[in-house]
Amino acid sequence: MTKVYPNLNQDIIQSEEEEFNCGKGGGEAEVVLTVWRKSLLFNGHGFTVFDPKGNLLFRVDNYASESRGEIVLMDANGKPLLTIKRKRLSLSEHWLVYTGECTTGQPLFSVRKNIAPLHKKHLLEITTTGRASRLHVEGSYTRRCCSILDDTCREVAAVKCKELPSSSGAAFGRDVFRLVVEPGFDPARAMAIVILLDQIFKR
């Protein structure tokens with residue numbers, strides 16, 4: 001089997017957490033994460049996300065297609081970072097994203113499947129609560145080739161295929177891909193959008 005997680009044999013659960021703060025510092029490089037569409041739990045469903053050094057960064061456990069109401073994005077230690085909750089009684093796919101485990105009060109941002117004919121390229125529309133700024137997603141999630149764009153059409157994150165050198169004789173399937181996050185954008189938010197892309201478009 002192709003090696004997805006180079007440092008999983010180490011004590012990654014107790015390893016030092018890496019912090020990615022939105023807008024912190026200057027001259028930063030993009031962050032390239034490896035996303036594995038699989039839970040670390042035996043027979044579980046979810047996602048496992050590794051940082052550029054191969055350390056566990058995010059995880060989603062016991063997420064299955066049958067349970068579409070609420071999904072929790074956690075850090076390596078199992079601490080809830082974001083809770084993704086489907087909005088009831090909406091005409092289209094509409095999700096709310098909250099900080100931590102809280103699912104009451106004002107959400108951090110909302111994500112809606114695009115149904116507007118004027119914006120056919122848009123897969124998702126993302127609105128940050130209390131701000132005028134908006135994001136949208138273009139491309140193809142099923143092909144693992146899509147971009148998260150801000151309201152000036154600047155790419156802030158992207159889902160891309162993960163490839164190996166042709167000489168290796170091995171290949172990753174669609175369950176392993178890259179999430180490239182540009183400086184100033186929160187990787188946890190980017191991963192929450194990826195989770196929703198998977199929920200809405202995986203079929």
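All figures in this text were calculated on a predicted structure; none of them were measured in a lab.
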> Side chains of Leu56 and Leu40: does their closest heavy-atom pair fall under 4.5 Å?
Replying inline: yes
> For Tyr141, is the NZ or CZ atom of Arg144 found under 6.0 angstrom from the centre of its six-membered ring and inside 45 degrees of the ring axis?
Replying inline: yes
>> If hydrophobic clusters are built by linking Ile, Leu, Val, Met, Phe, Trp and Tyr wherever their side-chain heavy atoms come under 4.5 Å apart, do Ile193 and Leu82 end up in the same one?
In response: yes
> Closest approach of His136 and Cys153, non-hydrogen atoms and distance?
Replying inline: CE1-SG, 4.3 Å
> Just by distance, do the side chain of Asn114 and the backbone of His122 share a donor-acceptor pair under 3.5 Å?
Replying inline: yes
>> Within this structure, what is the SG-NZ distance for the pair Cys146 and Lys121, rounded to the nearest 0.5 Å?
In response: 14.5 Å
> Pick one: which of Val60, Val97, Asp198 meets side-chain contact (heavy atoms from CB on, under 4.5 Å) with Ile71?
Replying inline: Val60
>> To the closest 0.5 Å, what do you measure between CZ (Arg112) and CG (Leu123)?
In response: 15.5 Å
> Is the shortest heavy-atom distance from the side chain of Thr34 to the side chain of Val49 under 4.5 Å?
Replying inline: no
>> Assess the residue pair Thr127 and Arg134 against the criterion (side-chain hydrogen bond (donor to acceptor under 3.5 Å, both in side chains)); give the C-alpha distance rounded to whole Å, side-chain angles, the decisive distance to 0.1 Å, and a yes or no.
In response: CA-CA 5 Å; Thr127 305; Arg134 299 172 69 93; 3.3 Å; yes
> With a 4.5 Å limit on heavy-atom distance, are the side chains of Arg178 and Leu33 in contact?
Replying inline: no
> Does Arg174 reach the main-chain N or O of Thr142 with its side chain, forming a donor-acceptor pair under 3.5 Å?
Replying inline: yes
> Going from CD1 on Ile84 to CE on Met191, what distance comes out if it is rounded to the nearest 0.5 angstrom?
Replying inline: 8.0 Å
> Cluster question for you: counting only ILVMFWY and a side-chain heavy-atom cut-off of under 4.5 Å, with indirect links fine, are Phe185 and Val180 together?
Replying inline: no
>> Is there a side-chain contact between His94 and Ser110 in this structure, where contact means two heavy atoms from C-beta onward sitting under 4.5 Å apart?
In response: yes
> Is there a donor in the side chain of Glu138 and an acceptor in the side chain of Ser147, or the other way round, less than 3.5 Å apart?
Replying inline: no
> At their closest point, which heavy atom of Phe109 faces which heavy atom of Val111, and how far apart are they?
Replying inline: CE1-CG2, 3.6 Å
>> Using the side-chain contact (heavy atoms from CB on, under 4.5 Å) definition, which of the options Leu197, Leu149, Val159 pairs with Val137?
In response: Leu197
> Which pair of non-hydrogen atoms, one from Ala190 and one from Ala157, has the smallest distance, and what is that distance?
Replying inline: CB-CB, 4.1 Å
> Salt bridge between Asp150 and Arg154, side-chain N to carboxylate O under 4.0 Å?
Replying inline: yes
> Is Trp95 close to Lys113 at the side-chain level, that is, under 4.5 Å between some pair of heavy atoms?
Replying inline: no
> Backbone N or O of Tyr98 within a donor-acceptor pair of the Thr83 side chain at under 3.5 Å?
Replying inline: no
> To the nearest 0.5 Å, how far apart are CZ in Phe201 and CG in Leu196?
Replying inline: 10.0 Å
> So which heavy atom on Gly54 is nearest to which on Phe50, and how close?
Replying inline: O-CD2, 3.7 Å
> Does Leu57 reach the side chain of Asp75, with side-chain heavy atoms less than 4.5 Å apart?
Replying inline: no
>> Salt bridge check, Lys87 against Glu93: does any charged N sit closer than 4.0 Å to a carboxylate O?
In response: no
>> If I compare all heavy atoms of Lys162 with all of Phe177, which pair ends up nearest, and what's the gap?
In response: CB-CA, 3.9 Å
> At their closest point, which heavy atom of Ala188 faces which heavy atom of Leu73, and how far apart are they?
Replying inline: O-CD2, 3.5 Å
> Are Glu101 and Pro80 side-chain neighbours, meaning at least one heavy-atom pair lies under 4.5 Å?
Replying inline: yes
> Going from OG1 on Thr129 to CD on Gln106, what distance comes out if it is rounded to the nearest 0.5 angstrom?
Replying inline: 5.0 Å
> Can you find a pair of side-chain heavy atoms, one from Met74 and one from Lys79, that are under 4.5 Å apart?
Replying inline: no
> In Å and rounded to the nearest 0.5 Å, what is the CG to CG distance from Leu108 to Leu81?
Replying inline: 11.5 Å
